[in-house]
Amino acid sequence: MSNKMWGGRFASGPDAIMEEINASIGFDQRLFRQDIAGSKAHATMLAASGILTEADRDAILRGLDEVEAEIENGTFKFSRSLEDIHMNVESRLREKIGDAAGRLHTARSRNDQVATDFKLYVRDSLDHLVAQIHTLQLALVIKAEEEAETILPGFTHLQNAQPVTFGHHLLAYVEMLGRDAGRLLDARRRLNENPLGSAALAGTPYPIDRDMTATALGFDRPTANSLDAVSDRDFILETLAASAICAMHLSRFAEEMVIWSSAQFGFIRLSDKFTTGSSIMPQKRNPDAAELVRAKIGRILGALNSLLVVMKGLPLAYSKDMQEDKEVAFDALDALSLSLAAMTGMVSDMVPNREKMHASASAGFSTATDIADWLVRELNIPFRDAHHITGEVVALAESKNCGLEGLTIEDFKTIDSRIDSRIHKVLTVEASVAARKSYGGTAPINVLAQAARWKSTLTGE
Ligand code: ARG
């Protein structure tokens with residue numbers, strides 16, 4: 001049997017393989033709410049513009065509500081021979097209200113319809129992701145306040161560099177996530193133009209009111225070029241690019257959690273809720289959630305890559321290639337959402353081991369820079385010379401097999417006689433972090449100020 005929607009000139013129906021490769025209903029059914037909202041706005045506008053009678057409009061609106069209810073409650077029967085969500089919904093509408101359903105597609109095509117549906121879906125996802133980012137940020141800010149004075153070894157090259165505060169480290173991710181949310185909101189702003197009414201590619205001869213549907217669907221304005229409107233997929237590419245960057249940040253943090261929770265580091269304990277055991281090694285508590293968050297970027301970057309490749313070289317306007325946009329995008333958006341939720345749970349539940357962090361931060365001569373800074377500040381020695389003198393101090397401590405704080409004042413004087421006992425007070429990790437009060441520095445006082453700033457931004461208080 002040829003297709004009910006477009007079968008007028010077809011003698012036979014499609015090959016089974018054709019149906020399989022062509023159908024998108026398996027994945028685009030999740031657009032049903034957006035599809036029905038778009039159709040309702042379109043029907044309402046058609047009636048207001050004198051293109052559809054009020055009676056037909058009312059029948060369409062009522063029928064669409066019923067269809068939506070059927071999909072919501074799981075009684076709707078999706079059909080692969082009807083290809084996609086748009087034709088499944090319209091076909092069911094026709095079964096319910098008869099001929100009036102056939103008037104819904106006036107001044108519209110599936111090309112502007114799918115662009116509209118997908119934009120509405122992505123817009124909802126963006127809003128949801130931004131809210132999730134804010135929730136994660138708040139969890140980090142609360143932890144950062146609790147750990148404003150906790151000493152953590154700060155690394156460069158994963159080698160002990162200078163002590164930092166754990167709160168400062170957590171707030172670094174709050175900053176990254178803030179920019180991630182900003183990128184997603186930028187994408188939302190550019191996305192928010194209504195393609196509906198662009199029809200197949202060239203616009204329509206009917207006297208439609210595109211501003212009306214734009215307003216009804218929460219768009220800022222109609223798209224200005226019909227060819228662009230039906231072939232634009234950069235809104236999802238931009239969303240995926242911003243999502244990939246966010247996932248990369250989560251991946252870095254997840255990797256730190258994996259390292260920190262290992263027995264060798266022991267800086268944090270992840271909760272039972274976010275770890276798993278081993279079927280053979282009874283002692284194991286594996287950071288699986290963190291590992292999976294670390295990995296999810298693969299899918300998200302894969303989706304971005306895949307869709308860029310699909311889109312490159314496509315002539316204007318719509319080509320069926322573009323149907324490949326949805327599966328990967330859905331998967332990527334789901335992955336990011338799940339990662340954010342898992343990360344929020346892990347952060348809220350994690351318990352830092354302050355003693356271990358402190359001991360590790362004190363090892364490796366981590367306050368050597370403070371000695372050099374003291375020589376500059378108190379003795380007016382040029383930094384390069386101070387660096388050299390401090391290097392000798394470190395070598396001495398190493399040869400005596402002690403930390404910097406284990407050196408006596410006589411030890412210091414064998415290297416430079418100008419050094420006096422005041423040097424001792426800069427050798428502790430606490431003094432080191434407290435001294436770094438420069439704007440953006442790690443001092444506890446800064447952490448508390450930045451945490452307070454973020455808290456009021458995030459809670460709107
Ligand atoms: N399922 C299609 C998609 O996702 C809808 C648009 C189909 N348009 C067409 N002319 N075949 O892209």
Side-chain angles (χ1 to χ4, degrees), residues 2-10 13-15 17-39 41-42 67 71 76 78-94 101-102 104-125 191 194-204 213 217 223 226-237 239-240 303 306-334:
S2 73
N3 188 293
K4 275 189 282 186
M5 298 289 171
W6 42 253
R9 61 163 301 192
F10 284 76
D15 190 89
I17 295 296
M18 174 60 192
E19 196 173 286
E20 187 173 345
I21 195 171
N22 199 36
S24 55
I25 189 62
F27 48 88
D28 69 13
Q29 53 181 270
R30 68 156 102 181
L31 296 176
F32 77 93
R33 282 195 193 84
Q34 290 78 13
D35 193 70
I36 288 172
S39 288
H42 186 66
V67 174
I71 300 177
F76 190 97
F78 290 105
S79 151
R80 200 166 77 174
S81 67
L82 288 166
E83 275 187 51
D84 55 26
I85 186 62
H86 324 294
M87 300 214 285
N88 270 269
V89 169
E90 190 184 318
S91 166
R92 183 71 184 126
L93 185 66
R94 180 180 286 270
L104 172 60
H105 214 52
T106 315
R108 174 176 95 167
S109 148
R110 276 189 294 155
N111 297 347
D112 58 337
Q113 194 178 355
V114 72
T116 305
D117 292 5
F118 199 27
K119 273 193 170 183
L120 290 173
Y121 182 92
V122 172
R123 193 177 71 186
D124 286 348
S125 297
L191 162 155
N194 185 20
L196 194 60
S198 301
L201 73 164
T204 172
T213 49
L217 295 169
T223 51
S226 60
L227 291 168
D228 173 47
V230 295
S231 37
D232 162 37
R233 291 295 179 273
D234 53 55
F235 65 91
I236 178 65
L237 288 169
T239 298
L240 290 173
S306 152
L307 191 52
L308 278 171
V309 174
V310 166
M311 294 304 293
K312 72 170 276 299
L314 279 189
L316 303 187
Y318 180 86
S319 295
K320 200 60 175 264
D321 310 51
M322 291 162 69
Q323 181 168 284
E324 287 289 307
D325 58 359
K326 283 173 232 44
E327 260 179 305
V328 290
F330 290 151
D331 182 67
L333 296 172
D334 288 349

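Atoms within a ligand are numbered from 1 in the order they appear, just like the ligands themselves.
- Remark: Lys119 is positioned above the aromatic ring of Phe235, its terminal NZ or CZ atom under 6.0 angstrom from the ring centre and at most 45 degrees off the axis.
- Side-chain atoms of Gln323 and Asp84 include no donor-acceptor pair closer than 3.5 Å.
- With respect to atom 5 (C) of ligand 1, the closest heavy atom belonging to the protein is Asp84 OD2, 3.5 Å.
- At least one donor-acceptor pair under 3.5 Å links the side chain of Asp112 to the backbone N or O of Ser109.
- Ion pair Asp325/Arg233 flagged as a salt bridge, since at least one NZ, NE, NH1 or NH2 atom sits closer than 4.0 Å to an Asp/Glu carboxylate oxygen.
- Shortest contact from atom 11 (N) of ligand 1 to any protein heavy atom: Arg110 NH2, 3.5 Å.
- With a 4.0 Å heavy-atom cut-off, ligand 1 is reached by the side chain of Lys326 but not by its N, CA, C or O.
- Within 6.0 Å of the CD atom in Glu324, the count of heavy atoms belonging to other residues, nucleotides or ligands does not exceed 12.
- Under the side-chain contact (heavy atoms from CB on, under 4.5 Å) test applied with Asp35, the options Asn88, Thr116, Val67, Val89 reduce to a single match, Val89.
- By the 3.5 Å distance cut-off applied to N or O atoms, His86 is not counted among the residues near ligand 1.
- The nearest protein atom to atom 12 (O) of ligand 1, hydrogens excluded, is given as Tyr318 OH, 2.4 Å; this is a heavy-atom distance.
- Tyr318 and Arg110 share no donor-acceptor pair across their side chains, judged by distance under 3.5 Å alone.
- For atom 2 (C) of ligand 1, the nearest non-hydrogen atom of the protein is Gln323 OE1, 3.2 Å.
- Which parts of ligand 1 touch Ser24 is read off a 4.0 Å heavy-atom cut-off, strictly below it: atoms 1 (N).
- Residue-to-ligand polar distances keep Arg233 apart from ligand 1: every N/O pair is separated by 3.5 Å or more.
- Considering each of Asn111, Asp321, Leu31, Leu201, the one bringing a non-hydrogen atom nearest atom 10 (N) of ligand 1 is Asn111.
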